[in-house]
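Hydrogens, waters and symmetry mates play no part in the numbers below; they use all other heavy atoms, side chains included.
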Amino acid sequence: MCGIGFILSPKNISKNPQKTPLSIDLLERRGPNWSKTVVVKDENWSMEFFGSVLWLQGSKITLQPVQGDNGDVFLWNGDAYNIGELSSEEGISDTKWISDNIFENDSDFLLDLISKVKGPWCFVYYKKSAQKVYFGKDHFGRHSLLWTLDEVSIEKGCTICSCGAERYLTEVPSFGVFELDLLKFEVSLHPWSTLNTEALGKLKICDQIHFSLNQLNMTLPIHIQSINSIEDYVKLNYGIIDDLETLLLKSVKRRVTNLPRLCRTCVAQAVEVNCNHAKIAILFSGGLDSTILAALVHRCLPQDESVDLINVAFELEGKNKRFGFEYNVPDRISGIDAYEEIRTLYHREWNLVNVNITREELTKYRSSHISRLVYPLCSILDESLGCVIWFAARGKGVLESQNHAVYTSEARVIIVGSGADEQLGGYSRHAAKFRTDGWPGLINEIALDISRISSRNLGRDDRVISDHGRSGRIPFLDEDVVNLLNSVPIEKKMDLRLPRGIGDKILLRGLAWKLGLIKTASRPKRAMQFGTRIANPKEKGSDVSKRLMVSE
């Protein structure tokens, strides 16, 4: 994970060196291990490249911005989990391998290479010989990238960055790789091969980038199995469950083993140490998704390595508040239950970190800092979820198992369960759609959710997690996992004829049952904002939040 920023300014316009459109403080927090600015000038333009680095790949850190002998400059914020398949060189980071290769080849090579990367990414690349800047982010939009190009003119120049609170910034859409011609100042797009370009208006379209993604199986059920319980489902669908387990385990392994075995404190010492702290944390509500991920993480790590399970609760208010039970919210109750189940089945040191947030602390950080990270999103729902995830990623709380000793997670990677609800029918609106429009309506709703994953909340979540110098990793949005789930018939993934806690995400519930997580398998889905008790149920989540006040 890194913080990247790029400013393009007309050379004839004077600029105050003390003022930059980049929020350098936010970008530096994303990459605590290194940061640097490089300025490149030509006849017409001044280009400022900023890079901060969170070292998570390779035997040694790759410094950014990466500069080629030919004058090229590369900024990379990504995790190529298949770098071992792409490169024969052992111990090389994805940043170095990609930059070495694109510096030596033409632009077509860049587009071909980027199509082969498995994992989240975004980048900015200045190709001096072509006088072009290329930038974009992965198909699912798992990493944040903001821009100003929708408002740009020759006089203004443009800004592209990982995060920033300036009001003119908007999210870069996950359409493919954009190409900025510095001679014509013309923006064009190399779209993903799966993208419908008819709705893109006047944007100039160039050669497509191949992206291998199975289309969603839209086949309507004909002969539906008679199922009354999760156990019934498991007996009839063991093969599909086994396929999901295989690919999801592979996805988790890519995300928890692909990093130096050092925590935040030990990596900062810059010496060889035997680190016995947790390197991996899991956003842990005790729900179905996070508990399954914990079980799979266990199978990927050495037995002597501890894992942090981070559970967030906001102080109860009014009649719900009782002395000694101020944080007895639904997610805390389910978190403790799932923690007991997981440590009974899977023996290692599990640290259940209870993150307790007072209303005063919420108010303090929400307006002064978190609002800058949630931006450009601004709804009440974005506020609630952004705050929950920011406090979780901070990792500061008390341990459930050690007499509530104060504890701060040293993990540099946080595993997140995003993407499961959209693909497996976990939202209440899926059940509502099924009640009104049956299987056709449900399939269309799932298709809509999958199509807009990249434009909804992943950029926001990336910004709030990375603000703590940690990397959020999302196993359910692994390319291989998505391909499998897209191919599975709808009735094998969800059966909303059945009660809540059984029919929703029934494929995932079947996997939990197979893993021995019997209590977890039937635990009903609960929205994060209500499970942590941050949200006011009287407010409408889609309304603009007046509490997110980002200054001009």
Side-chain angles (χ1 to χ4, degrees), residues 229-231 234 241 244-245 248-249 252 255-256 278 280-301 305-314 325 327-356 388-389 391-393 395 397-402 404 407 409 411 414-421 424 426 473-476 500-502 504-534:
S229 66
I230 298 169
E231 188 175 7
V234 172
I241 295 170
L244 176 59
E245 180 183 11
L248 194 55
L249 179 63
V252 169
R255 286 157 175 80
V256 301
I280 305 296
I282 302 169
L283 240 59
F284 192 75
S285 66
L288 178 66
D289 310 342
S290 60
T291 309
I292 284 177
L293 291 176
L296 297 179
V297 165
H298 169 79
R299 291 166 59 178
C300 298
L301 296 180
E305 189 171 309
S306 61
V307 175
D308 292 340
L309 307 175
I310 302 180
N311 182 279
V312 180
F314 290 86
F325 297 91
Y327 300 100
N328 200 32
V329 304
D331 273 11
R332 179 59 46 79
I333 296 169
S334 63
I336 293 173
D337 284 349
Y339 163 68
E340 295 295 346
E341 185 174 33
I342 204 85
R343 70 173 185 166
T344 299
L345 289 168
Y346 300 103
H347 302 296
R348 73 166 57 245
E349 184 181 349
W350 299 98
N351 301 316
L352 179 59
V353 186
N354 292 332
V355 176
N356 300 325
V388 172
I389 296 172
F391 282 111
V398 295
L399 291 175
E400 175 69 24
S401 61
Q402 295 182 24
H404 289 192
Y407 181 87
S409 175
I414 297 183
I415 299 297
V416 184
S418 304
D421 289 322
L424 292 161
R473 296 185 168 179
I474 312 173
F476 287 111
R500 179 170 171 260
I502 299 177
D504 53 315
K505 299 198 287 191
I506 195 167
L507 174 54
L508 205 56
R509 296 185 186 281
L511 176 55
W513 185 281
K514 182 175 184 288
L515 294 173
L517 300 166
I518 307 303
K519 290 181 66 176
T520 293
S522 59
R523 188 165 288 128
K525 153 79 178 175
R526 185 184 297 109
M528 186 189 300
Q529 66 271 28
F530 299 121
T532 61
R533 287 298 188 260
I534 187 176

Next item on the list: Show your working on side-chain contact (heavy atoms from CB on, under 4.5 Å) between Asn351 and Val307 and close with a plain yes or no.
Entry: CA-CA 6 Å; Asn351 301 316; Val307 175; over 6 Å; no

Donor-acceptor under 3.5 Å ([X] side chain, [Y] main chain):
X      : Y      : answer
Ser334 : Ser285 : yes
Arg348 : Leu301 : yes
Arg473 : Arg255 : yes
Glu341 : Ile518 : yes
Arg343 : Glu340 : no

Shortest non-hydrogen contact from [X] toward [Y]:
X      : Y      : answer
Ala393 : Ile414 : CA-CD1, 3.6 Å
Leu293 : Gly417 : CD1-CA, 3.8 Å
Val256 : Cys300 : CG2-CB, 3.7 Å
Val329 : Val312 : CG2-O, 4.5 Å
Leu288 : Ala512 : CD1-CB, 3.8 Å
Arg526 : Gly531 : CD-CA, 3.3 Å

Next item on the list: Could you check whether the rings of His298 and Tyr346 sit parallel, tilted or perpendicular, using 30° and 60° as the cut-offs?
Entry: tilted

So do the side chains of [X] and [Y] get within less than 4.5 Å of each other, counting heavy atoms only?
X      : Y      : answer
Val353 : Leu399 : yes
Phe391 : Ile534 : no
Asp331 : Phe284 : no
Met528 : Ile389 : yes
Leu352 : Ser401 : no

Next item on the list: Would you please test Arg509 and Asp504 for salt bridge (Lys or Arg N to Asp or Glu O under 4.0 Å) and show each step?
Entry: CA-CA 8 Å; Arg509 296 185 186 281; Asp504 53 315; 3.0 Å; yes

Next item on the list: Decide yes or no on side-chain contact (heavy atoms from CB on, under 4.5 Å) for Asn354 and Tyr327, but give the supporting numbers first.
Entry: CA-CA 9 Å; Asn354 292 332; Tyr327 300 100; over 6 Å; no

Note to self: Any carboxylate oxygen within less than 4.0 angstrom of a Lys/Arg side-chain nitrogen, looking at Asp289 and Lys525?
What the structure shows: no

Checklist line | Evaluation steps, side-chain contact (heavy atoms from CB on, under 4.5 Å), between Asp421 and Lys505 | finding: CA-CA 7 Å; Asp421 289 322; Lys505 299 198 287 191; 2.7 Å; yes

Item checked: Steps toward side-chain contact (heavy atoms from CB on, under 4.5 Å) verdict (Asn311, Leu309) -> CA-CA 6 Å; Asn311 182 279; Leu309 307 175; over 6 Å; no

Notebook entry, point to check: In Å, rounded to the nearest 0.5 Å, how long is the span from CD1 of Ile415 to CG of Asp308?
Noted result: 12.5 Å

